[in-house]
Amino acid sequence: LGLAGSLFEEASGIVGVKFASEVFADRAYQDDGSLVPRSSPGSVFHDPEEIARRTVQMVKEGATESASGKRVDLKVDSICLHGDTPGAVDIARRVRSELEAAGVAIVPLAQVVGA
């Protein structure tokens, strides 16, 4: 399990290790698909509606919008929500509800990677 589009994902493919691409529902992305550093303003989202909308977009479209407005393609096998974000439980409930409403099946990670 690692950041979608990362060198870790590439290395896993080279050595034949199963890999699940993780996206971050409550974090901003840079144009290259890496996360905006937490030290930067706007790097962490707090609005449950915005987080849920972005998450559905990532799953359904395989992409998100970077902090600069560029489309960033992402493979999505797993979604990370940070438990240290205030309101994390309510955010997680909202994200799950919106994913299910969009017809997304939520399954165990082992099912995704074929373990």
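Nothing here was measured: the structure is a model prediction, and the numbers come from that model.
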Could you list the residues that satisfy side-chain contact (heavy atoms from CB on, under 4.5 Å) with [X], not counting sequence neighbours?
X	value
V15	V17
E9	S6, F19, S21, K75
A20	L1, D77, L109, V113
A63	R71, D73

Test of understanding: with salt bridge (charged side-chain N to carboxylate O under 4.0 Å, His left out), list the residues that count as partners of [X], not counting sequence neighbours.
X	answer
E22	none
D90	R93
E100	R96

Side-chain donor or acceptor of K70 paired with backbone N/O of E65 under 3.5 Å: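 Absent.
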With rounding to the nearest 0.5 angstrom, report the [atom1] to [atom2] distance, [X] to [Y].
X	Y	atom1	atom2	result
L7	E10	CG	CD	6.0 Å
C80	D26	SG	CG	6.5 Å
L35	S40	CG	OG	11.0 Å
D47	I91	CG	CD1	8.5 Å

Apply side-chain contact (heavy atoms from CB on, under 4.5 Å) to H46 and V44, showing your working. CA-CA 7 Å; H46 298 281; V44 179; 3.8 Å; yes
Please walk me through it: do E98 and R94 pass salt bridge (Lys or Arg N to Asp or Glu O under 4.0 Å)? CA-CA 6 Å; E98 293 297 323; R94 179 67 182 263; 3.4 Å; yes
Taking all atoms of both residues into account, what is the closest heavy-atom pair of [X] and [Y], and its distance?
X	Y	answer
G42	A28	O-CB, 3.5 Å
V56	A102	CG1-CB, 3.9 Å
Y29	T64	CD1-CG2, 3.9 Å

Check the pair I79 / L99 against side-chain contact (heavy atoms from CB on, under 4.5 Å), numbers first and verdict last. CA-CA 11 Å; I79 301 164; L99 286 169; 3.7 Å; yes
Under a single-linkage definition using a 4.5 Å side-chain heavy-atom cutoff for Ile, Leu, Val, Met, Phe, Trp and Tyr, are [X] and [Y] assigned to the same hydrophobic cluster?
X	Y	value
F8	V72	no
L3	V59	yes
V112	V95	no
V104	L74	yes

Just to verify, what does R27 make a side chain to side chain donor-acceptor pair (under 3.5 Å) with, not counting sequence neighbours?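 By the side chain to side chain donor-acceptor pair (under 3.5 Å) rule, R27 matches no residue at all.
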I'd like to know whether CD of E49 has more than 12 heavy-atom contacts from other residues, nucleotides or ligands below 6.0 angstrom.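 No, CD of E49 has 12 or fewer neighbouring heavy atoms, counting only those of other groups under 6.0 Å.
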Output every pair passing ring-ring contact (aromatic ring centres under 6.0 Å, His included) with a member in residues 76-111, not counting sequence neighbours, ordered by first then second residue.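 Those involving residues 76-111 are F24-H82.
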Summary of ring-ring contact (aromatic ring centres under 6.0 Å, His included) pairs that have at least one residue in residues 57-80, sequence neighbours excluded: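 Checked against ring-ring contact (aromatic ring centres under 6.0 Å, His included) - neighbours excluded - no pair reaches residues 57-80.
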Examine the side chains of R38 and S43 and answer whether a donor and an acceptor come within less than 3.5 Å of each other.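 No donor-acceptor contact under 3.5 Å links the two side chains.
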Mind checking who shares a hydrophobic cluster with V89, ILVMFWY linked at side-chain heavy-atom distances under 4.5 Å?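 Answer for V89: none, a lone residue.
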For F45, enumerate each residue passing the ring pair (Phe, Tyr, Trp, His ring centres under 6.0 Å) test, keeping only those at least two apart in sequence or located in another chain.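 F45: no ring pair (Phe, Tyr, Trp, His ring centres under 6.0 Å) contacts found.
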